[in-house]
Amino acid sequence: EDVLLHYHAHIDKYMGDAILAEFGAPVDYERHALLAVVAGLKMQETLRRGNYPWNMRVAITTGETIVGLIGHKRQSYTALGDVVNLASRVEKLCPPGKITIDETTYEEIKMFCVGRRKAAAESEIGNTDLLVNIDDLKRRLAEDPRQKDVLKKLAFLFLEANDLVEAQVYLGRVIELDPNDTQVKLAYADVSFQLEAGGNIAIRGKRKRIHLYEIDGVRNPLLDRDRLPQSIYDRYHEELEKLVEYPEDLVLPVECIDASVGHSRVVGFLSYAIADALDLPDLEKKQILEAAYLADIGKTIVPHHILNHAERMNEVELEEFSKHCREGVRKLKQLGYDSEPIFDIVASHHENFNGTGYPAQLAGDQIPLGARIVAVADAYADLTSWRPYRDPWEHRAAFAELERQTHQGKFDPKVLACLGKLLNVQNHLGVSRGL
């Protein structure tokens, strides 16, 4: 529950040993699929850390549903539709301890998560007679669950409908009652083999091809050689892992809403490397690293539709967005942080060198050096990452754009020069692109 709520899920209901939850409703988070998948990863991580004697399966599907207060005499807030039924079917195919998602979900999250295609399936329950017969047998079975003949008929009807998941369930129940039924045992073995090889998922009343994906984890953006040269990664990654633990549980929910998963990791890495290139004291480098990791934690105060804005923000939206700097400081104090240098960096990392930034319009040396470093690292990380409204920039073009903005007064030239050396990028003042 804690993980689900942390990632803005609506916990719908408990069903036997399962939890049904919706993302993107009642609050319409645009990145609901990403929130759902990362929540699933974190739930599995929590179970592994607790060393519990059982495993959990997580299934995630994405699509349009009817959502709201359902019912007349007894109302409840819930979701209805094929995508809900599909989630139930996918859950049955998901291996224990894993996360299985449909293709629509995968298309939404593939730039942020590592996954692989698992199965293709074709639904064939479109025959009205089949549906009537299945429902009739289920009603008979409700009166006495141990009717072998009814269970067997149901199993073979589901086989006829190509719903291997349900067929396996009923064949297994027949074997429990009669372990010597050769026909059922052979059918069960054949179904099990087919499910292992790929699996079939049936959706009542529809026929559609379905591809499933198993998700392993969140991508590490530090491994992207288009953004960070191998030399800089080899030089710093082990040192940073030992120095400060990356506060993933604090920043990841914010980055999911903002579709910027991994951004803070890149900003922290580059900020530390720049600070080291400037030969700053060890304590100051560590403070800059921590502040860079946590710089955007205050974005929780920004309305989510502004964070995913594809166009330039208007004055009202910019005013709302600018609040996240001071909100970040307030949030860190609330969490127990007590480092004034970290607070100063978080509060000032959107100040511009020429005094045109926010929230206090500081200029030049009035801006803490750590904040000037984080500002450059943040801008480079943003340009070279995928955003909902554009593809990532090539690293040389991104650096040239930062150089153009530096000449306009936005960034500290000394800091940008250090970044250029780290990236092994030469200055090309004639290259520029508009943001």
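Note: hydrogens, waters and symmetry copies are ignored here, and every other heavy atom, side chains too, is used.
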*Asks:* Would one find more than 12 heavy atoms of other residues, nucleotides or ligands at under 6.0 Å from atom NZ of Lys98?
*Replies:*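 No, the 6.0 Å shell around NZ holds no more than 12 heavy atoms from other groups.
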
*Asks:* Side chain to side chain contact (heavy atoms under 4.5 Å, CB included) for Ser271 and Leu289? Distances and angles first, verdict last.
*Replies:* CA-CA 6 Å; Ser271 295; Leu289 173 61; over 6 Å; no

*Asks:* Tell me whether Glu245 at atom CD has more than 12 heavy atoms from other residues, nucleotides or ligands lying less than 6.0 Å away.
*Replies:*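 For Glu245, atom CD is not crowded (no more than 12 foreign heavy atoms under 6.0 Å).
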
*Asks:* State, to 0.1 Å, how close Ala273 and Ile232 come at their nearest heavy-atom pair, and which atoms those are.
*Replies:*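 Distance-wise, the nearest heavy atoms are CB-CD1, 4.0 Å.
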
*Asks:* Does NZ or CZ of Arg117 come closer than 6.0 Å to the centre of the six-membered ring of Tyr106, within 45° of the ring's axis?
*Replies:*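 Negative - Arg117 is either too far from the ring of Tyr106 or too far off its axis.
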
*Asks:* Is it the case that over 12 heavy atoms from other parts of the model lie below 6.0 angstrom from the CD atom of Gln230?
*Replies:*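 Enclosed: over 12 neighbouring heavy atoms sit under 6.0 Å from CD of Gln230.
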
*Asks:* Does Tyr380 use its side chain to pair, donor to acceptor, with the backbone of Arg227 at less than 3.5 Å?
*Replies:*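 A pair under 3.5 Å: yes.
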
*Asks:* Any salt bridge between Glu176 and Arg173, counting N to O under 4.0 Å?
*Replies:*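 No, Glu176 and Arg173 are not salt-bridged.
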
*Asks:* With a 4.0 Å cut-off, would you call Asp224 and Arg219 a salt bridge?
*Replies:*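 Not counted as a salt bridge, because no side-chain N and carboxylate O are separated by less than 4.0 Å.
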
*Asks:* Using every non-hydrogen atom in the two residues, find where Phe23 and Ala36 come nearest and quote the distance to one decimal.
*Replies:*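 Taking every non-hydrogen atom into account, CD1-CB, 3.5 Å.
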
*Asks:* Please determine whether side chain to side chain contact (heavy atoms under 4.5 Å, CB included) holds for the pair Arg330 and Ile301, giving the CA-CA distance in whole Å, both sets of side-chain angles, and the decisive distance to 0.1 Å.
*Replies:* CA-CA 11 Å; Arg330 189 196 68 79; Ile301 201 175; over 6 Å; no

*Asks:* Just wondering, are more than 12 heavy atoms of other shown residues or ligands nearer than 6.0 Å to NZ in Lys331?
*Replies:*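 Not more than 12 within 6.0 Å, no.
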
*Asks:* Check for a donor-acceptor pair, side chain of Thr61 on one end and backbone N or O of Val83 on the other, with a separation under 3.5 Å.
*Replies:*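 Side chain of Thr61 to backbone of Val83: a pair is present.
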
*Asks:* For the pair Asp102 and Thr105, evaluate side chain to side chain donor-acceptor pair (under 3.5 Å) and give the outcome as yes or no after the intermediate values.
*Replies:* CA-CA 6 Å; Asp102 69 342; Thr105 306; 2.5 Å; yes

*Asks:* Is Arg31 salt-bridged to Asp258, going by a charged N under 4.0 Å from an acidic O?
*Replies:*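 Here Arg31 does not pair with Asp258 in a salt bridge, since their nearest N and O are not under 4.0 Å apart.
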
*Asks:* Thinking salt bridges, do Lys286 and Glu290 make one under a 4.0 Å N-O criterion?
*Replies:*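 The answer is no: the pair does not qualify as a salt bridge.
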
*Asks:* Using the side-chain hydrogen bond (donor to acceptor under 3.5 Å, both in side chains) rule, pick out the option among His304, His8, His305 that qualifies with Tyr29.
*Replies:*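 Among His304, His8, His305, the one that satisfies the side-chain hydrogen bond (donor to acceptor under 3.5 Å, both in side chains) with Tyr29 is His8.
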
*Asks:* Would you say Glu317's side chain and Asn314's backbone share a donor-acceptor pair under 3.5 angstrom?
*Replies:*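 Present.
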
*Asks:* Output side-chain donor-acceptor pairs under 3.5 Å for residues 145-159, partner residues at least two apart or in another chain, one line each.
*Replies:*
unit_1	atom_1	unit_2	atom_2	d
Gln147	NE2	Arg140	O	2.8
Gln147	NE2	Asp144	O	3.1
Lys148	NZ	Asp178	OD2	2.6
Lys148	NZ	Asp181	OD2	3.3
Lys152	NZ	Asp181	OD2	3.1
Lys152	NZ	Gln183	OE1	3.1

*Asks:* Please determine whether side chain to side chain contact (heavy atoms under 4.5 Å, CB included) holds for the pair Met56 and Gln44, giving the CA-CA distance in whole Å, both sets of side-chain angles, and the decisive distance to 0.1 Å.
*Replies:* CA-CA 7 Å; Met56 174 178 65; Gln44 295 288 26; 3.6 Å; yes

*Asks:* Just by distance, no angles: are the side chains of Thr62 and Glu108 close enough, under 3.5 Å, to form a donor-acceptor pair?
*Replies:*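 No - no donor-acceptor pair under 3.5 Å links their side chains.
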
*Asks:* Do Tyr246 and Tyr293 have ring centroids that are under 6.0 Å from one another?
*Replies:*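 Between Tyr293 and Tyr246, the centre distance is under 6.0 Å.
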
*Asks:* Students often mix this up, so state it plainly: with edges at 30° and 60°, are the rings of His350 and Tyr358 parallel, tilted or perpendicular?
*Replies:*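 Parallel.
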
*Asks:* If you apply the rule side chain to side chain contact (heavy atoms under 4.5 Å, CB included), what do you find for His263 with Asp382, and how did you get there?
*Replies:* CA-CA 7 Å; His263 177 78; Asp382 183 66; 4.1 Å; yes

*Asks:* Glu255 side chain to Gly262 main-chain N or O, any donor-acceptor pair under 3.5 Å?
*Replies:*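 Indeed, once roles are kept as given, a pair shorter than 3.5 Å links the two residues.
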
*Asks:* Apply the test side chain to side chain donor-acceptor pair (under 3.5 Å) to residues Glu239 and Tyr272: give CA-CA distance (whole Å), side-chain angles for both, the deciding distance (0.1 Å), then the verdict.
*Replies:* CA-CA 10 Å; Glu239 181 179 348; Tyr272 184 86; 2.4 Å; yes

*Asks:* Tell me if the CG atom of Asp2 is crowded by more than 12 foreign heavy atoms within 6.0 Å.
*Replies:*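 Not more than 12 within 6.0 Å, no.
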
